[in-house]
**Student:** 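Below is a structure I'd like to ask you about.
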Amino acid sequence: MHQLLQIHAQMIRNHFFQDPFAATKILEFCAASAYGNLHYAHKVFDQIPHPNTFAWNTIIRGYAASPFPKPSLHLFRRMLGSGVATNSYTYPFVVKACAHLSALEEGQQIHSFILKSGADHNVFSVNGLIHMYATCGEVDLARRMFDTSPDRDLVSWNSMLSGYVNCGLTASARHVFDEMPERGVISWNAMINGYSKCNEMDSARELFDRMPSRNVESWNTLIAGYAKCGLLDVSRSLFDEMPTRNVISWSAMITAYAQGNRHNEALALFDEMTNAGVKPNWATIVSVLSACAHLGALERGRCIHVYIDRSKMKVDSIIGTALIDMYAKCGCIDSACGVFDAMKSKDVFSWTAMIGGLAVNGYGGKALELFGRMEEAGVRPNEVTFVGVLCACSHGGLVQTARWYFDSMRTAYGIEPQIEHYGCMVDTLGRAGLLEEALSLVQAMPVEPNSVLWGTLLGACWIHGNANIGEYVVEHLAKLKPDDGSVYVLLANIYATAGRWDDAKKIRIFMKSKGMLKSPGRSSMEVEGIVHEFYVGDKLHPRTEEIYRMLDEISSRLKLVGYVPNTTPVLFDIEEEEKEHAISVHSEKLAIAFGLISTSAGSPIRIVKNLRVCRDCHTAAKFISKVYDREIIVRDRNIFHYFKDGSCSCRDYW
DNA sequence: CTAGGGTTAG
């Protein structure tokens with residue numbers, strides 16, 4: 001690049017730009033290089049007084065091959081306007097740009113230009129048109145191009161094949177595949193991809209095993225295919241087995257873990273990747289951020305953010321959204337806002353992530369305010385945005401506002417409420433104690449209620465100790481999730497809260513007879529980038545002894561300031577003292593104790609829990625925040641609790 | 001002409 005600049009300077013001194021040939025040479029070099037130089041190439045182009053066909057073709061081709069091909073179409077129009085002749089090299093590039101942009105009308109116009117110009121019906125243009133039509137979903141037009149083409153090469157066949165694959169027409173693709181006079185590795189890969197897209201992994205595998213030679217893309221295709229079907233371990237063994245891996249192989253496997261809810265493995269593999277000296281790219285970063293978000297792994301997430309800045313990776317709307325979501329899910333709402341404010345281009349995903357992030361962090365009012373700003377900015381909300389908006393209402397206890405948004409999403413935005421939106425409404429009404437109304441809504445809604453929805457209602461029954469509706473809800477839940485013990489645990493707790501001890505005991509006996517277990521509570525906490533996990537009463541952590549000693553200390557210091565353990569939810573037929581022990585080793589208490597001994601005074605303790613925080617842990621955490629002068633931030637199954645100075649951000653309402 | 005990507009009720 002440096003040399004190029006020198007040559008360029010010399011050319012300017014010598015007024016070389018009157019010579020279109022010399023100018024075009026340098027232009028070609030620029031345009032062919034990475035996208036970063038296209039801007040420069042364009043500047044050079046603008047200095048050419050009378051660009052010839054070759055010069056136009058070069059700059060158009062540069063843009064067409066870049067990730068942002070739109071200017072190539074604009075330049076093409078200018079070229080036509082300038083009266084410079086087009087030739088058979090001009091068209092394939094603009095057609096390619098249309099394919100990239102899914103610009104069907106533009107593509108059809110260019111198609112007619114080609115016919116009118118009388119340019120040779122060359123195979124490059126035809127292949128481009130096949131590809132363009134298929135990408136725009138007009139597979140029949142693509143087929144007509146293919147059928148009427150006087151000569152077809154391997155690329156024509158491959159384009160037709162992948163055209164069918166992209167439109168989900170696997171059978172037609174297979175027909176093309178079988179009829180091909182010869183097949184290249186791309187043909188096999190495309191067909192394997194086709195089967196993977198339709199979850200027909202047996203057929204995909206059969207081709208993979210049969211193909212004469214494989215490249216790294218063949219392996220990557222198959223790995224991604226198995227991952228999409230949830231067969232992550234098959235993906236992983238292929239990944240381990242493959243002869244060479246590129247950055248896409250690593251990213252595909254990391255993404256597979258991140259999307260398959262195996263976030264720890266995603267991060268572990270990311271470490272392996274960087275240790276192996278492979279540089280993560282845009283797609284890797286997005287997946288890793290998503291894994292950090294789910295784990296609440298703030299330190300890891302921050303490191304990635306630093307990496308993005310340091311490597312000068314552009315914070316586009318996708319990376320930005322991933323960062324917002326990560327910070328919001330880690331309870332760092334200020335950092336999330338910082339990213340959001342600094343983003344140049346925000347799309348509906350970015351706004352939605354920010355609105356949902358504010359809502360779940362307890363800033364319902366700010367979330368609704370932001371929704372207003374989003375409308376002012378002219379961004380159209382989608383159904384997910386309304387999930388965030390309604391979530392803001394439910395956490396803020398804004399019943400009337402929720403009703404208003406729920407109605408307006410259909411009337412003002414034409415978005416039909418989905419089960420998620422009904423879920424938010426049931427939550428809003430239920431938390432506010434309007435259990436009858438919540439139940440009527442469930443019974444009247446046009447979609448079949450699922451277990452999550454019934455679970456929301458049951459949670460509300462638990463908050464308000466309503467055993468009657470609780471029993472009714474459990475009947476439905478039992479049909480949908482017959483093996484889920486947590487449903488009955490909640491019902492037993494409702495009975496206990498209502499003082500119906502006999503009924504609570506009956507539930508316990510029923511559960512025992514069915515061999516049902518409650519899913520164990522799990523809390524995790526990140527210290528110096530390592531995620532530590534704790535289960536109820538587990539003694540697996542290397543610092544177990546210290547942790548339990550700390551628990552003892554906490555318990556005695558708390559009792560001095562008036563803390564009384566709330567053993568209501570414990571229904572074993574055991575002595576009070578043992579009940580106290582059972583709740584004193586809940587996973588979040590273990591994590592808090594570990595946090596107190598492993599982090600420095602004054603730094604907040606951040607915990608992620610898989611279930612809801614129990615009442616006793618909630619009370620204890622409030623006391624601990626005061627006695628030990630520590631902020632404790634617990635990400636619950638549904639909301640954040642910021643414990644500070646003896647109180648919690650959820651106002652004891654969760 | 002083939003492979004990897006962000007927001008969703010509890």
Side-chain angles (χ1 to χ4, degrees), chain A residues 96 99 127-128 130-131 134-135 153-163 165-166 184-194 196 215-225 227 246-256 258-259 280-290 293 316-326 328-329 347-357 359-360 382-388 390-391 394 417-428 430-431 450-460 486 490 611-612 636-639 654:
Chain A
K96 191 177 173 173
N127 290 348
I130 294 171
H131 180 60
T135 312
D153 62 6
L154 179 59
V155 178
S156 324
W157 284 92
N158 285 346
S159 299
M160 198 58 240
L161 171 58
S162 52
V165 166
N166 285 332
V185 64
I186 291 180
S187 329
W188 290 86
N189 290 350
M191 198 60 235
I192 291 170
N193 184 33
S196 297
N215 61 10
V216 65
E217 283 104 325
S218 326
W219 290 85
N220 291 349
T221 309
L222 201 63
I223 286 172
N246 62 12
V247 62
I248 294 181
S249 327
W250 288 94
S251 301
M253 197 61 232
I254 290 169
T255 303
Q259 292 183 346
N281 66 9
W282 184 91
T284 330
I285 294 297
V286 172
S287 286
V288 173
L289 281 175
S290 165
D316 62 7
S317 64
I318 297 181
I319 293 258
T321 302
L323 278 170
I324 291 168
D325 186 47
M326 183 275 292
K329 286 209 168 75
D347 62 9
V348 62
F349 281 72
S350 333
W351 287 91
T352 301
M354 195 65 240
I355 290 168
V360 88
N382 65 18
E383 66 280 4
V384 186
T385 317
F386 279 102
V387 172
L390 293 173
C391 182
S394 80
Q418 303 164 338
I419 194 151
E420 287 88 348
H421 305 104
Y422 282 99
C424 291
M425 281 312 286
V426 168
D427 192 41
T428 310
R431 280 166 193 270
N450 61 11
S451 64
V452 177
L453 194 109
W454 286 118
T456 306
L457 190 51
L458 187 61
S486 63
L490 210 47
L611 308 170
R612 286 179 171 214
D636 193 294
R637 197 189 173 108
N638 47 5
I639 60 165
W654 80 98

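Below, chains carry the letters A, B, ... as their sequence lines are ordered, and counting in each starts from 1.
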**Student:** Touch check for A:Val384, heavy atoms < 4.0 angstrom, all strands: base, sugar-phosphate only, or nothing?
**Tutor:**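 Result for A:Val384 = base.
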
**Student:** Identify whether any heavy atom of A:Asn246 sits under 4.0 Å from a base atom; if not, whether one sits that close to sugar-phosphate; answer base, sugar-phosphate or nothing.
**Tutor:**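 Since a base atom lies under 4.0 Å of A:Asn246, the category is base.
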
**Student:** Quick one, A:Leu457 and A:Trp454 - any side-chain contact, counting heavy atoms below 4.5 Å?
**Tutor:**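 Yes - at least one pair of side-chain heavy atoms lies under 4.5 Å apart.
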
**Student:** When we call it a touch if two heavy atoms are under 4.0 Å apart, what does A:Ala322 touch: a base, just sugar-phosphate, or nothing?
**Tutor:**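 It contacts nothing in the nucleic acid.
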
**Student:** Do we see a donor-acceptor contact under 3.5 Å between the side chains of A:Ser196 and A:Asn193?
**Tutor:**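 A:Asn193 and A:Ser196 do not have a side-chain donor-acceptor pair below 3.5 Å.
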
**Student:** Examine B:dC1: is either OP1 or OP2 under 4.0 Å from a nitrogen or oxygen in the side chain of A:His131? Give yes or no.
**Tutor:**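 Yes, A:His131 has a side-chain N/O under 4.0 Å of OP1/OP2 on B:dC1.
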
**Student:** Please determine if a side-chain N or O atom of A:Asn193 lies less than 4.0 Å away from the OP1 or OP2 oxygen of B:dA3.
**Tutor:**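 Yes, A:Asn193 has a side-chain N/O under 4.0 Å of OP1/OP2 on B:dA3.
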
**Student:** Scan A:Asp153 against the nucleic acid and name what it touches under 4.0 Å (heavy atoms): base, sugar-phosphate only, or nothing.
**Tutor:**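 No contact.
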
**Student:** Within the pair A:Lys329 and B:dG6, is there a side-chain N or O less than 4.0 Å away from OP1 or OP2?
**Tutor:**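 Negative; the distance criterion is not met.
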
**Student:** Heavy atoms only, 4.0 Å cut-off, all strands: where does A:Cys424 land among base, sugar-phosphate and nothing?
**Tutor:**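 Sugar-phosphate only.
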
**Student:** For A:Ser350, answer base if it contacts any base atom (sugar-phosphate contacts may also be present), sugar-phosphate if it contacts only those atoms, and nothing otherwise; contact means non-hydrogen atoms under 4.0 Å.
**Tutor:**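 Contact class for A:Ser350: base.
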
**Student:** Spell out yes or no: do the side chain of A:Thr456 and the base of B:dG10 have one donor N/O and one acceptor N/O closer than 3.5 Å?
**Tutor:**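 Counting by modelled atom types and ignoring angles, no donor-acceptor contact under 3.5 Å is found here.
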
**Student:** Write down the distance between CD1 (A:Ile254) and P (B:dG4), rounded to a whole number of angstrom.
**Tutor:**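 From A:Ile254 CD1 to B:dG4 P: 15 Å.
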
**Student:** Quick check: do A:Phe349 and A:Ile318 have side-chain heavy atoms less than 4.5 Å from each other?
**Tutor:**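 No, too far: nothing below the 4.5 Å cut-off.
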
**Student:** Can a donor-acceptor pair be found between the side chains of A:Asn189 and A:Asn215 at a distance below 3.5 Å?
**Tutor:**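 Looking only at side-chain atoms, A:Asn215 and A:Asn189 do form a donor-acceptor pair, the distance falling under 3.5 Å.
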
**Student:** For A:Gln259 and B:dG4, is the shortest distance between a side-chain N/O and OP1 or OP2 below 4.0 Å?
**Tutor:**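 Looking at the OP1 and OP2 atoms of B:dG4, neither is under 4.0 Å from any side-chain N or O of A:Gln259.
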
**Student:** Contact class for A:Thr284 vs. all strands (heavy atom < 4.0 Å): base, sugar-phosphate, or nothing?
**Tutor:**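 Result for A:Thr284 = nothing.
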
**Student:** Decide yes or no, distance alone: a donor-acceptor N/O pair under 3.5 angstrom between the base of B:dA3 and the side-chain of A:Asn215.
**Tutor:**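 Checked by distance alone, the answer is no.
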
**Student:** What residues form a side-chain contact (heavy atoms from CB on, under 4.5 Å) with A:Asp427, not counting sequence neighbours?
**Tutor:**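 Result, side-chain contact (heavy atoms from CB on, under 4.5 Å) vs A:Asp427: A:Ser394, A:Arg431, A:Thr456.
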
**Student:** Tell me the interatomic distance from A:Ile355, atom CD1, to B:dA9, atom P, rounded to whole angstroms.
**Tutor:**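 Computing the A:Ile355:CD1 to B:dA9:P distance gives 14 Å.
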
**Student:** Atom CG of A:Leu390 to atom C1' of B:dG10: distance rounded to whole Å?
**Tutor:**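 Going from A:Leu390 (CG) to B:dG10 (C1'), I get 14 Å.
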
**Student:** What is the distance, to the nearest angstrom, from the CH2 atom on A:Trp351 to the P atom on B:dT7?
**Tutor:**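 It is 19 Å, rounded to the nearest whole Å.
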
**Student:** Is a donor-acceptor contact shorter than 3.5 angstrom present between the side chain of A:Asp347 and the base of B:dG6?
**Tutor:**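 Yes, the side chain and the base share a sub-3.5 Å donor-acceptor pair.
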
**Student:** Looking at every strand, decide which applies to A:Ile285 at a 4.0 Å heavy-atom threshold: base, sugar-phosphate, or nothing.
**Tutor:**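 It contacts nothing in the nucleic acid.
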
**Student:** From C-beta outward on A:Ile248, which listed nucleotide comes closest to its side chain: B:dG5, B:dG4, B:dC1?
**Tutor:**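 When the side chain of A:Ile248 is considered, B:dG4 is the closest of B:dG5, B:dG4, B:dC1.
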
